[in-house]
Amino acid sequence: METSADKARDGGAGSARTLENLLRNQILRGDYPSGAMLPTQRTLADLFGVSRDTVQRAQRQLIEDGWLESRQGSGTWVSARLPLHDVPASQESVTVHGQALLGPMVQAAFTKPEVNLDAFSLTCESLASEIRTQAERIKKGRQAPPQRIQVRLMLPSYDEPPLYPRATNPDDRRISDRWETMARVHTDSVRRWLTDLSDKVPEVEVEVHHVPWTPQFKLYILNETDVLFGLYEVHRYGISVGEGPKVDSLDVLGLAATMLHFRESRDPESRDSLMATSLKDWFESGWEHLR
């Protein structure tokens, strides 16, 4: 699975769009509040392993969309009037370019007295980042703590190398080993951040099940009603490992996966309800029978 530097790696317009989505998510999470200065283009390029041209393309689009402002010689900062405002507590889907965003929906889920989050993915990296954001908000008193938090993570087994990410050379385990390390780190991060809330949240439960296959999609179920679903796209490219040459590999762009939002409603025959119920049932069947 890609690291932060891999996510927005160079590759033309696609990598610029990936970096654009990443920066937009960071703004929505509050990493860069309204009026905050962004790091320099050179710093962002080094941070995400891309060229300054990629950073410039991503920032130009964000400026055009009203997320950023810039003045020559003064740098680039977050706009005082963002296109999206406070996240609705009703958990309405927050979308950009037709893609549902995980961060605002997790934030909305944490406004409820009971929080239930189910996830199926390669590493749970995205969810770990959002949980950390919510835990920090609760710790700092910026958000009322819920009474109960339950998180269930369904991840690939570590017993066999995944179909991706992996080196195209079947004898080279460096990429799949790196994926396992990342998955363990992010899983431990979820446990740690939620356990640290035990002094504020009366009941916290984190369960992890490992299944014997590589995910072809990522799936999030929030408070048993809202479902986010996105297919992974497999790409072949070179991944840097240490100081040596890049390793020819198969990997997915998890951050760039288009996320679709479905919600159970009072009409069980509606398209959204049928999709939400079907995906929830799929998760429950895997959770119960495959370990």
Side-chain angles (χ1 to χ4, degrees), residues 1-7 22 25-26 29-31 47-49 102-103 105-107 109-110 114-140 143 145-146 148-166 173-215 217-223 228 230 232 239-242 251-255 257 283 286-287 290-291:
M1 192 60 184
E2 72 273 25
T3 64
S4 294
D6 295 327
K7 287 176 181 176
L22 177 59
N25 271 320
Q26 290 180 328
R29 286 206 311 259
D31 296 351
L47 179 63
F48 297 110
L102 177 63
M105 296 194 68
V106 171
Q107 182 173 331
F110 268 78
E114 293 193 7
V115 179
N116 294 280
L117 302 176
D118 296 332
F120 172 64
S121 66
L122 272 168
T123 66
C124 79
E125 178 181 11
S126 297
L127 184 61
S129 176
E130 302 304 340
I131 285 177
R132 173 179 179 173
T133 297
Q134 298 311 311
E136 289 179 333
R137 286 170 56 86
I138 292 171
K139 284 284 190 182
K140 294 176 181 178
Q143 180 169 307
R148 181 175 183 270
I149 300 175
Q150 181 184 44
V151 175
R152 298 189 298 176
L153 305 176
M154 189 155 62
L155 303 170
S157 169
Y158 303 138
D159 293 340
E160 296 291 337
L163 294 175
Y164 46 77
R166 64 173 175 85
R173 289 287 302 266
R174 287 177 293 174
I175 303 302
S176 54
D177 286 349
R178 189 182 70 158
W179 158 78
E180 180 178 337
T181 298
M182 290 177 62
R184 291 183 184 276
V185 166
H186 294 308
T187 302
D188 290 343
S189 175
V190 170
R191 286 197 180 100
R192 183 176 67 256
W193 281 104
L194 292 179
T195 300
D196 286 348
L197 291 177
S198 59
D199 61 329
K200 296 182 178 294
V201 180
E203 186 176 351
V204 175
E205 183 178 2
V206 179
E207 296 181 84
V208 181
H209 286 182
H210 291 277
V211 294
W213 76 80
T214 303
F217 55 88
K218 56 169 59 177
L219 174 66
Y220 304 101
I221 303 170
L222 301 96
N223 285 350
L228 291 178
Y232 286 123
I239 296 179
S240 297
V241 179
D251 197 2
V252 296
L253 298 178
L255 183 73
F283 184 92
W287 185 265
L290 296 174
R291 305 188 189 183

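Just so it is clear, the values below take in all heavy atoms, side chains as well, and ignore hydrogens, waters and symmetry mates.
The two atoms that bring Val211 and Gly286 nearest to each other are CG1-O, 4.5 Å, heavy atoms only. The heavy-atom pair separating Thr123 from Leu155 by the smallest distance is C-CD2, 4.2 Å. Taking both residues in full, the closest heavy atoms of Val241 and Arg174 are given as CG1-CD, 4.1 Å, listed atom of the first, atom of the second, then distance. Minimum interatomic distance between Ile131 and Val151 (heavy atoms only, all atoms of both residues): CD1-CG2, 4.3 Å. The shortest non-hydrogen separation linking Pro145 to Val201 is CB-CG2, 4.1 Å. Annotation for Tyr232 and Ser121: closest pair OH-CB, 3.5 Å, computed over non-hydrogen atoms.
Rounding to the nearest 0.5 Å gives a distance of 11.5 Å between NE2 of His210 and CE of Met154. Interatomic distance, Ser157 OG to Glu180 CD, rounded to the nearest 0.5 Å: 9.0 Å. If you take CE on Met105 and CD on Glu130, they are separated by 12.0 Å, rounding to the nearest 0.5 Å. Atom-to-atom distance recorded for Met182:CE and Asp177:CG is 13.0 Å, nearest 0.5 angstrom. Remark: His209 NE2 to Arg152 CZ distance equals 8.5 Å, nearest 0.5 Å. To the nearest 0.5 Å, atom CZ of residue Arg132 and atom CG of residue Leu127 are 14.0 Å apart.
For Glu160, the CD atom counts as loosely surrounded, since its 6.0 Å shell holds 12 or fewer non-hydrogen atoms of other residues, nucleotides or ligands.
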For residues 187-197, which side-chain donor-acceptor pairs fall under 3.5 Å, sequence neighbours excluded?
| residue | atom | partner | partner atom | Å |
| --- | --- | --- | --- | --- |
| Thr187 | OG1 | Ala183 | O | 2.8 |
| Thr195 | OG1 | Arg191 | O | 2.6 |

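In this structure, the side chains of Gln150 and Glu203 stay at 4.5 Å or more apart for every pair of heavy atoms. By the 4.5 Å heavy-atom criterion applied to side chains, Leu122 and Tyr164 are counted as neighbours.
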Q: Under the side-chain contact (heavy atoms from CB on, under 4.5 Å) rule, what do Leu222 and Val106 come out as? Steps first, then yes or no, please.
A: CA-CA 7 Å; Leu222 301 96; Val106 171; 4.0 Å; yes
(Q) Set out, in order, the CA-CA distance, both residues' side-chain angles and the distance that settles side-chain contact (heavy atoms from CB on, under 4.5 Å) for Leu163 and Trp213, then state yes or no. (A) CA-CA 8 Å; Leu163 294 175; Trp213 76 80; over 6 Å; no
Q: For Phe110 and Ile149, run side-chain contact (heavy atoms from CB on, under 4.5 Å): C-alpha distance rounded to whole Å, both residues' side-chain angles, the deciding distance at 0.1 Å, then the answer.
A: CA-CA 9 Å; Phe110 268 78; Ile149 300 175; 3.7 Å; yes
(Q) With side-chain contact (heavy atoms from CB on, under 4.5 Å) as the criterion, how do Arg166 and Arg173 come out once you've worked through the C-alpha distance, each side chain's angles and the decisive distance to 0.1 Å? (A) CA-CA 7 Å; Arg166 64 173 175 85; Arg173 289 287 302 266; over 6 Å; no
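In this structure a side-chain-to-backbone donor-acceptor pair under 3.5 Å is missing from Ser129 to Glu125. Judged purely by atom type and a 3.5 angstrom limit, Asn223 uses its side chain to pair as donor or acceptor with the backbone of Asn116.
Results of the ring pair (Phe, Tyr, Trp, His ring centres under 6.0 Å) test with Phe120 over Trp287, Tyr220, Phe217 single out Phe217 as the only residue that passes. With respect to Pro156, the side chain to side chain contact (heavy atoms under 4.5 Å, CB included) criterion is satisfied by exactly one of Pro212, Pro161, Pro215: Pro215.
Side-chain contact of Thr181 with Arg178: a donor-acceptor pair under 3.5 Å is absent, judged by distance alone.
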